[in-house]
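A short worksheet on the structure shown next.
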2 protein chains.
Amino acid sequence: MARTNEKVGSLPVGEPAAHTPASAAAGIAGAIGMLEGRWKLEILFHLFGGQVRRFSELERAIPAVSQKMLIQQLRQLEQDGIVARRVYPEVPPRVEYWLTDWGQSLCPALDALLQWAERREGRAGAG
Amino acid sequence: MARTNEKVGSLPVGEPAAHTPASAAAGIAGAIGMLEGRWKLEILFHLFGGQVRRFSELERAIPAVSQKMLIQQLRQLEQDGIVARRVYPEVPPRVEYWLTDWGQSLCPALDALLQWAERREGRAGAG
DNA sequence: CGGCATCCCCGAGGATACTG
DNA sequence: CAGTATCCTCGGGGATGCCG
C-alpha cells in the first residue's frame with residue numbers, strides 16, 4: 001500500500017523470505033488486491049480444476065453479476081495473469097476463459113484461508 | 001457476498017469440506033473481508049508472533065495511518081475475534097493489543113498467499 | 001454473443017477538531 | 001494517551017444503452 005520504501009537494513013540479498021511487517025503486508029495486500037473485486041472469487045471457483053468457461057456460461061453461473069462487472073473483473077484477472085482468455089473469430093462471437101497455471105496454484109492458498117475461516121468455531125483466543 | 005442461499009443439492013451434512021463455487025467463494029470472501037481494511041494486514045504483521053503492542057506503538061509503527069483508521073480497523077479485528085484488547089484503568093490511559101490464538105493461526109494462510117504472490121515470476125501460464 | 005461507454009449512487013477511508 | 005464526532009473525497013460497482 002503506501003510506502004514500501006522502508007528499506008530493510010542488512011539483508012542477504014537472494015533470500016526471498018525476508019520481509020518487514022510492511023513489506024509482507026504489502027505483498028499480501030497485492031495478492032488480496034487481485035482477488036478483491038466483488039465477483040472475482042466466485043469467478044475463480046467456477047474456473048478451478050482446469051475448467052474452461054465461455055462468457056455466457058459464467059454469466060449464467062453467477063446470476064447476480066452484471067455484464068459490465070463480469071467483463072471488468074475478468075479483464076483484471078487476465079491482466080494479473082490469473083486467468084487466460086481466448087477469442088474465437090466467429091459469428092456469433094465466442095470467448096473462453098480459464099485459469100493460468102499460476103492462477104490454478106492459488107487454490108491451495110485460498111483453501112488455507114477457507115480452512116482458517118472455518119476453524120473459527122473454538123475461537124477462545126489468547127485472552 | 002450477495003446471496004449465499006443457493007442451496008447445495010444433496011450433501012452429506014457433517015462434512016465440512018463440501019462447498020459449491022458460491023459457498024467456497026463466500027467463505028473466503030468472509031475471510032478476506034476481515035482482512036480488507038487498508039491497514040489491517042500491516043497491523044497483523046506487527047502483532048504476529050505473540051507481540052503485544054499498545055496503541056501509540058502501533059501508531060508509530062504505521063506512520064501513514066490516522067488515529068481514526070487505526071482504532072476502527074483495530075476494533076473490527078477485535079470484533080472478528082482476530083485481535084484481543086486490554087485497557088488499563090490508569091492515567092494516562094494505556095491500551096494493549098495482541099493476536100488471539102485464532103488470529104495467530106492466520107499466519108500460515110497468509111504466508112501461503114504471500115508465497116503464491118512471489119511465485120508469480122514464471123507466470124507463463126496455461127495459455 | 002460479447003463488450004464498451006455513460007451516468008449515478010454509496011460507503012470506505014482521510015482530515016480535522018474535540019473529549020475524558 | 002486513547003478515543004469520538006463531523007465533514008468530505010474518491011472510486012468501486014450498479015443500471016442502462018449502443019456497437020461489432
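We name chains A, B, ... by the order of the sequence lines, and we start the count at 1 in each one.
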Closest to the 5' end of DNA chain D, once Gln72(A) and Pro92(B) are matched to their nearest nucleotides, is Pro92(B)

Go nucleotide by nucleotide along DNA chain D from the 5' end; which of Lys68(B) and Arg54(B) gets its closest nucleotide reached first?
Arg54(B)

Kindly write out the residues that satisfy ring-ring contact (aromatic ring centres under 6.0 Å, His included) with Tyr97(A), not counting sequence neighbours, or none if the list is empty.
none

For [X], answer base if it contacts any base atom (sugar-phosphate contacts may also be present), sugar-phosphate if it contacts only those atoms, and nothing otherwise; contact means non-hydrogen atoms under 4.0 Å.
{"X": "Gln67(A)", "value": "base"}
{"X": "Gln73(A)", "value": "sugar-phosphate"}
{"X": "Glu59(A)", "value": "nothing"}
{"X": "Tyr88(A)", "value": "nothing"}

Are [X] and [Y] close enough that some pair of their side-chain heavy atoms sits under 4.5 Å apart?
{"X": "Lys40(B)", "Y": "Ile82(B)", "value": "no"}
{"X": "Leu99(A)", "Y": "Leu77(A)", "value": "no"}
{"X": "Val65(B)", "Y": "Ile43(B)", "value": "no"}
{"X": "Lys68(B)", "Y": "Gln72(B)", "value": "yes"}

Residues at least two apart in sequence or cross-chain that pass side chain to side chain donor-acceptor pair (under 3.5 Å) with Ser66(A), listed by chain then number, are none

Across all chains, not counting sequence neighbours, the side-chain contact (heavy atoms from CB on, under 4.5 Å) partners of Val91(A) are none

For the pair Leu35(A) and Leu106(A), evaluate side-chain contact (heavy atoms from CB on, under 4.5 Å) and give the outcome as yes or no after the intermediate values.
CA-CA 10 Å; Leu35(A) 274 30; Leu106(A) 218 199; 3.8 Å; yes

Can you list every pair that meets salt bridge (charged side-chain N to carboxylate O under 4.0 Å, His left out) and has a residue in residues 87-100 of chain B, with sequence neighbours left out?
Glu90(B)-Arg94(B), Arg94(B)-Glu96(B)

How far does the helix from dC1(C)-dG20(D) to dG20(C)-dC1(D) bend, going by the axes of its first and last five pairs, to the nearest 10°?
40°

Go through DNA chain C in 5' to 3' direction and return only the first and the last nucleotide with some atom under 4.0 Å of chain B's heavy atoms.
dG13(C) to dG20(C)

Without placing hydrogens or testing angles, list every side-chain donor-acceptor pair under 3.5 Å for residues 53-61 of chain B, not counting sequence neighbours.
| from | atom 1 | to | atom 2 | distance (Å) |
| --- | --- | --- | --- | --- |
| Arg53(B) | NH2 | Gln51(B) | OE1 | 2.6 |
| Glu57(B) | OE1 | Arg54(B) | N | 2.8 |

Distance under 4.0 Å to a non-hydrogen atom of chain A counts as contact; along DNA chain D, which nucleotides mark the start and end?
dG13(D) to dG20(D)

Is Arg86(B) atom CZ crowded by more than 12 heavy atoms from other residues, nucleotides or ligands, each under 6.0 Å away?
no

